[in-house]
Chemist: 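Take a look at the following structure, please.
Just so you know, ligand 1 is whichever comes first in the structure, and atom 1 is the first atom listed for that ligand. Note that the structure is a prediction, hence the values are computed from the model and not measured.
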Amino acid sequence: MLIFGGSNSKKLARNVAALLHAKYADLEINHFPDGELYLKFPLPIRNEKVIIIQSHHPRPDETLVESAFAVETAKRMGAKKVIFVAPYLAFMRQDKEFHLGECISSRIMAKWLSAADEVITIDPHLHRYKNLNEVFKTKTKRLSANLLLAAYIDKHFRNEIIIGPDAESYQWAEHIAKYMHLHAHVMRKERFSSRKVRVFFQEKVVMKGKNAVIVDDIISSGHTVLEAIKSLKKLGTKKIYCLCVHGVFAEGALEKIKKTGASVIATDTIENPMGKISVAKLIAESLK
Ligand code: R5P
């Protein structure tokens with residue numbers, strides 16, 4: 001087994017390889033003077049199982065092209081099997097033509113990556129699609145960091161209530177709460193644009209003297225959790241923690257959330273300063 005790390009996931013890929021005692025190398029990435037991508041496998045590939053690990057954040061457009069080039073090249077070089085691992089799979093949220101003429105990015109991304117024999121990802125954003133095979137033409141495996149988040153909550157927090165900031169987050173919030181025998185409340189979200197949302201409780205919720213753990217798959221612009229924090233503060237919540245699988249933290253989201261006094265914890269599907277929960281073992285187990 002040969003493991004290669006794309007430019008966004010070298011550290012995580014190296015950790016996965018170490019856990020599996022597998023041979024590892026960074027993909028060689030460069031750019032020609034005109035900006036075109038240059039990609040090279042630094043090791044020969046001969047009838048071996050090749051694993052390419054790459055998250056598509058930051059620089060989603062650029063790193064997706066990198067991944068597509070890498071998968072095709074590994075096949076051409078004679079890999080027995082190519083497994084593409086996207087700890088964070090970008091482009092999944094554009095899963096519909098919301099306005100006439102819009103590109104359904106998730107379908108094109110999936111088409112390119114389907115050149116791999118298998119695609120493995122962690123907590124992909126499945127909303128209108130119910131499973132990955134609705135978009136990918138190749139075999140897929142969907143992992144979840146739910147139990148890693150639950151273990152972190154169990155170890156670090158007390159007297160807490162799990163909060164899902166929108167209907168889609170019930171997949172994480174309710175699963176984690178059930179596993180830990182805790183209460184969960186799922187809030188309602190109205191989205192007006194990619195930067196404007198309203199998040200509120202639909203039912204009566206008692207938070208006074210309690211700690212809240214907001215759980216979501218992605219924190220991107222941060223507006224979803226910022227709105228949830230606002231509502232929770234109004235209810236007299238003691239301490240607020242925001243946990244997410246994918247810490248995208250776009251446009252200064254992390255600083256904005258920290259300013260409210262809430263704490264932020266993420267996994268390392270995307271390299272980020274709050275990535276305290278590692279998914280390396282989860283990925284390594286899936287490759288055995
Ligand atoms: C949306 O449905 C997701 O589960 C997240 O709540 C959303 O992507 C977070 O985005 P933002 O941080 O930009 O509000």
Chemist: Which pairs count as side-chain hydrogen bond (donor to acceptor under 3.5 Å, both in side chains) when at least one residue sits in residues 33-54, sequence neighbours excluded?
Modeler: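 Sorted result for residues 33-54: Gln54-Glu66.
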Chemist: Of all the non-hydrogen atoms in the protein, which one sits nearest to atom 13 (O) of ligand 1, and at what distance?
Modeler: Ser221 OG, 2.5 Å
Chemist: Against ligand 1, does Arg195 come closer than 4.0 Å with any heavy atom?
Modeler: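 No, that is not the case, since the closest heavy atom of the residue is not under 4.0 Å from the ligand.
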Chemist: Heavy atom of His127 under 4.0 Å from ligand 1?
Modeler: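 No; His127 lies far enough from ligand 1 that no heavy-atom distance drops under 4.0 Å.
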Chemist: To which protein heavy atom is atom 2 (O) of ligand 1 closest, and what is the distance rounded to 0.1 Å?
Modeler: Glu168 OE1, 2.2 Å
Chemist: Write out the residue and atom name of the closest protein heavy atom to atom 8 (O) of ligand 1, then the distance separating them to 0.1 Å.
Modeler: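 Here the nearest protein heavy atom works out to Arg93 NH1, 3.0 Å.
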Chemist: Where is the nearest protein heavy atom to atom 3 (C) of ligand 1: which residue, which atom, and how far?
Modeler: Asp217 OD1, 3.3 Å
Chemist: I want to know if ligand 1 touches Ser194 in the polar sense, i.e. an N/O pair below 3.5 angstrom.
Modeler: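 N/O-N/O distance under 3.5 Å: no.
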Chemist: Starting from atom 9 (C) of ligand 1, locate the nearest protein heavy atom and write down its residue, its atom name and how far away it is, to 0.1 Å.
Modeler: Ile218 O, 3.4 Å
Chemist: For atom 5 (C) of ligand 1, what is the closest protein heavy atom, and at what distance to 0.1 Å?
Modeler: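 The answer is Asp216 OD2, 3.3 Å.
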Chemist: For the 3.5 Å polar cut-off, considering only N or O atoms, please tell me whether Gly222 and ligand 1 meet it.
Modeler: yes
Chemist: Considering only non-hydrogen protein atoms, determine which one is nearest to atom 10 (O) of ligand 1 and report residue, atom name and distance to 0.1 Å.
Modeler: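 Going by distance alone, atom 10 (O) of ligand 1 is nearest to Arg191 NH2, 3.7 Å.
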Chemist: Does Ile219 have a heavy atom less than 4.0 Å from any atom of ligand 1?
Modeler: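 Under 4.0 Å: yes for Ile219.
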Chemist: Please identify which of these residues, Lys141, Lys75, Lys80, meets the salt bridge (charged side-chain N to carboxylate O under 4.0 Å, His left out) condition with Asp117.
Modeler: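 Answer to the salt bridge (charged side-chain N to carboxylate O under 4.0 Å, His left out) test with Asp117 among Lys141, Lys75, Lys80: Lys75.
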Chemist: Counting non-hydrogen protein atoms only, what is the nearest one to atom 14 (O) of ligand 1? Give residue, atom name and distance.
Modeler: Thr224 OG1, 2.5 Å
Chemist: Is the contact between Asp166 and ligand 1 made by the side chain, the backbone, both, or neither, using heavy atoms and a 4.0 Å cut-off?
Modeler: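 For Asp166, the contact with ligand 1 is made by the side chain alone.
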